[in-house]
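Remember, it's a predicted structure, so these values are computed and weren't measured experimentally. For the numbers below, each heavy atom of this structure counts, side chains included, while hydrogens, waters and symmetry mates do not.
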Amino acid sequence: MEVTLTPSQESFIKQRIHEGAFTSPSEIISEGLHLLMEREQEKAKELAWLRREIQIGLDQIERGETATLEEVIAGMDEMIAKAEPG
C-alpha cells in the first residue's frame with residue numbers, strides 16, 4: 001500500500017518522532033487508525049442511541065402520549081416558578 005502525505009503531515013510525523021512520542025511513522029499511522037476506529041465506534045453507538053430514543057418518541061405518539069405546546073409551556077413555567085428563590 002502506498003500513502004501520499006502532504007508536506008505538513010510529513011513534517012508533523014517527523015516532529016513527533018523527533019520529540020520521542022513515537023518511534024516510527026508506522027507507529028503514528030497505527031495510532032491514528034486506532035483513534036479513527038474508536039471515533040467511528042462512538043458515532044455508531046450515538047446513532048443507535050438516537051434511533052432508540054426516536055422509536056421511544058414514536059411509540060409514545062402512537063399511544064397518544066402527547067402534549068400541546070401550551071401544556072409544555074405551562075409545565076415549563078411551573079418548573080421555573082418552583083426553581084426561583086422567593
S.K.: Sequence neighbours excluded, which residues qualify as salt bridge (charged side-chain N to carboxylate O under 4.0 Å, His left out) partners of Glu19?
M.R.: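 In terms of salt bridge (charged side-chain N to carboxylate O under 4.0 Å, His left out), with neighbours along the sequence ignored, Glu19 is linked to Arg16.
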
S.K.: Count I, L, V, M, F, W, Y as connected when their side-chain heavy atoms are under 4.5 Å apart, and connections chain through other members. Are Trp49 and Leu58 then in the same cluster?
M.R.: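 Per the 4.5 Å side-chain linkage, Trp49 and Leu58 are co-clustered.
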
S.K.: Quick check against the 3.5 Å criterion: does Glu71 have a side-chain atom that pairs as donor or acceptor with the backbone of Thr68?
M.R.: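 Pair found, side chain donor or acceptor close to backbone of Thr68.
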
S.K.: Any luck finding a side-chain donor-acceptor pair between Thr6 and Ser8 under 3.5 Å?
M.R.: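 Result is yes, a qualifying pair exists.
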
S.K.: State the OG1-CD1 distance between Thr23 and Ile17, to the nearest 0.5 angstrom.
M.R.: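 Here the interatomic distance stands at 7.5 Å.
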
S.K.: When rounded to the nearest 0.5 angstrom, what distance separates CD1 in Ile28 from NZ in Lys14?
M.R.: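 Rounded to the nearest 0.5 Å, the CD1-NZ separation comes out at 11.5 Å.
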
S.K.: Supply the atom-to-atom distance Phe22 CZ to Ile13 CD1, rounded to the nearest 0.5 angstrom.
M.R.: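 Atom-to-atom, Phe22:CZ and Ile13:CD1 are 10.0 Å apart.
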
S.K.: Please list, chain by chain and in numerical order, all residues satisfying salt bridge (charged side-chain N to carboxylate O under 4.0 Å, His left out) with Arg51, sequence neighbours excluded.
M.R.: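 Here no residue qualifies.
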
S.K.: Just verifying a value: how many Å separate Glu40 CD and Leu33 CG, rounded to the nearest 0.5 Å?
M.R.: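 Output value for this atom pair is 11.5 Å.
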
S.K.: Between Lys45 and Glu42, does any NZ, NE, NH1 or NH2 come within less than 4.0 Å of an OD or OE carboxylate oxygen?
M.R.: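 Yes, Glu42 and Lys45 are salt-bridged.
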
S.K.: Could you give the distance from CD (Glu62) to CD (Gln55), rounded to the nearest 0.5 Å?
M.R.: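 If I round to the nearest 0.5 Å, the distance is 8.5 Å.
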
S.K.: Please report the interatomic distance CD1(Ile61) to CD1(Ile56), rounded to the nearest 0.5 Å.
M.R.: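 Nearest 0.5 Å value for the CD1-CD1 distance: 12.5 Å.
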
